[in-house]
Number of protein chains: 2
Amino acid sequence: MSVIRNILNSRSSQGGNFFNILTQILGFKPKSITHYKKAFTHRSLNRKDEEGNAINFERMEFLGDAMLSAVVASHLFKAVPGGNEGYLTKMRSKVVSRKHLNELGKDLGLIKHVQTNIPKDQFGVNIHGNLFEALVGAIYLDRGYKYCKRFIYERVIDPYVDIEQLEGKVISYKSLLIEWCQKEKKEFDFEVYEDTGNDELKHFAVKLRINQRVVAKARATSKKKAEEKASKRAYYALQNKIE
Amino acid sequence: MSVIRNILNSRSSQGGNFFNILTQILGFKPKSITHYKKAFTHRSLNRKDEEGNAINFERMEFLGDAMLSAVVASHLFKAVPGGNEGYLTKMRSKVVSRKHLNELGKDLGLIKHVQTNIPKDQFGVNIHGNLFEALVGAIYLDRGYKYCKRFIYERVIDPYVDIEQLEGKVISYKSLLIEWCQKEKKEFDFEVYEDTGNDELKHFAVKLRINQRVVAKARATSKKKAEEKASKRAYYALQNKIE
């Protein structure tokens with residue numbers, strides 16, 4: 001009963017149905033939403049299947065974590081042919097760190113869709129990362145490794161995995177760029193505006209101008225990330241000028 | 001030069017070519033043997049690619065380990081619907097333990113195919129498991145997740161992953177069976193013979209007789225495993241008699 005009430009509540013508060021929300025988050029249509037429903041079910045609902053097994057997202061975190069580790073391992077293996085075992089292990093643990101997974105889950109606003117009997121503000125700080133892992137597990141169960149890999153590339157690797165940043169060689173492209181502008185006596189400014197459009201996720205778009213000329217544009221789920229992305233693009237565009 | 005010499009040596013000593021040997025070990029034809037060659041290349045050869053990156057099996061262990069973890073995670077997730085995160089994590093670490101991977105690599109005789117400049121008896125005890133992991137990594141690179149999963153099911157999960165044994169509920173089916181025969185005053189014997197046939201891997205076949213009647217047969221890469229497998233079959237066949 002409470003499950004149905006929760007789903008209804010969440011539907012009305014989300015102004016859309018779960019299938020559509022999922023399609024936006026995933027970037028593809030789910031085949032079956034059963035696994036995703038589990039991935040958003042908190043243990044406080046005390047749901048059980050016919051055999052009495054608990055239904056909630058905790059087991060799915062285990063599966064999602066394993067898939068994240070495998071996909072990120074294969075990416076790093078190919079991206080850094082000079083990295084030995086120790087290096088690859090270290091880099092992977094940075095990409096799939098609790099902190100990073102929490103950011104990813106938060107950016108996708110996963111917590112909004114959780115079905116729970118306890119207030120959401122009582123969840124611990126790791127709820128975002130846990131939901132992200134569970135979501136990855138659900139994708140694996142629903143669509144297999146291929147879609148799981150695709151999702152991890154689109155949501156984790158392509159936007160955020162930058163080998164130089166992970167190695168600590170580049171802390172922030174924004175700071176590199178600002179430094180260069182100051183040294184070269186150039187003016188710069190970031191014009192940031194909240195993206196319109198009816199995406200489930202709020203986006204920020206940014207234009208980076210150097211001496212009044214737009215040199216890069218970017219779009220991301222936070223102001224900070226959009227600025228960093230635009231700075232990185234400008235940095236590579238201007239690379240022969242910077243240093 | 002030494003690489004070529006080693007490959008030739010190994011070919012003649014193996015009485016077959018690397019492609020055929022691989023096909024027997026893998027259970028399918030490799031698309032390209034490049035990755036497998038790396039998976040059998042020891043660092044002592046000091047091989048490098050055009051960019052100066054080391055070519056040996058150590059990096060591939062990282063990849064194979066990640067794939068083993070993912071496939072075993074997905075198997076356990078489905079096989080034990082009542083197991084929580086902690087349980088699944090513990091069970092997985094038993095399946096992919098160093099000890100178990102060493103056994104698997106040893107059974108496949110992987111060490112025979114290593115290209116090395118140091119004597120093989122100087123390798124540490126973990127060489128077998130390391131080669132097994134690297135082989136799994138090579139399969140992933142050559143044929144993708146699907147074949148990797150298939151290989152792990154055929155070589156790891158189907159023959160060796162028994163939830164009750166992993167949980168420590170059943171230490172050995174052979175001992176359960178012997179206990180039952182003694183209690184019931186039944187005679188039993190195992191007839192073991194080395195399998196003929198021209199497999200790359202030596203196999204042992206076993207017949208288990210209880211009161212002179214053959215109740216189960218099995219085939220495996222060691223005498224001990226064949227006996228255990230036959231005992232397990234007999235155990236399930238006789239289950240309503242044994243308690």
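In what follows, every chain begins at residue 1, and chains take the letters A, B, ... in the order their sequences are listed. Because only heavy atoms are used, hydrogens play no part in the values below, and waters and symmetry mates are left out as well, while side chains stay in.
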Quiz item: Honestly, is A:Arg59 close enough over B:Phe77, meaning NZ or CZ under 6.0 Å from the six-membered ring centre and within 45° of the axis?
Solution: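 Flagged: A:Arg59 positioned over aromatic ring of B:Phe77.
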Exercise. May I ask you to check whether over 12 heavy atoms, not counting those of A:Glu179, lie within 6.0 Å of atom CD?
Key: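 At most 12 heavy atoms, drawn from other residues, nucleotides or ligands, come within 6.0 Å of this atom.
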Self-check item: Under 4.5 Å from any heavy atom of chain A - which part of B:Lys146
Solution: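 Contact with chain A is absent: no heavy atom of B:Lys146 under 4.5 Å.
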Quiz prompt | Which atoms of B:Tyr140 approach chain A - backbone, side chain, both or neither, heavy atom under 4.5 Å | solution =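 Side chain of B:Tyr140 only, per the 4.5 Å heavy-atom cut-off to chain A.
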Exercise. Could you check whether the rings of B:Phe40 and B:Phe18 sit parallel, tilted or perpendicular, using 30° and 60° as the cut-offs?
Key: perpendicular
Exercise. Indicate yes or no: at least one non-hydrogen side-chain atom of B:Met60 is less than 4.5 angstrom from one of B:Leu141.
Key: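 Counting from C-beta outward, B:Met60 and B:Leu141 do come under 4.5 Å.
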Quiz item: Quick one: of A:Gly86, A:Ser69, A:Gly83, A:Gly137, who has the most non-hydrogen atom pairs under 4.5 Å with chain B?
Solution: A:Gly83
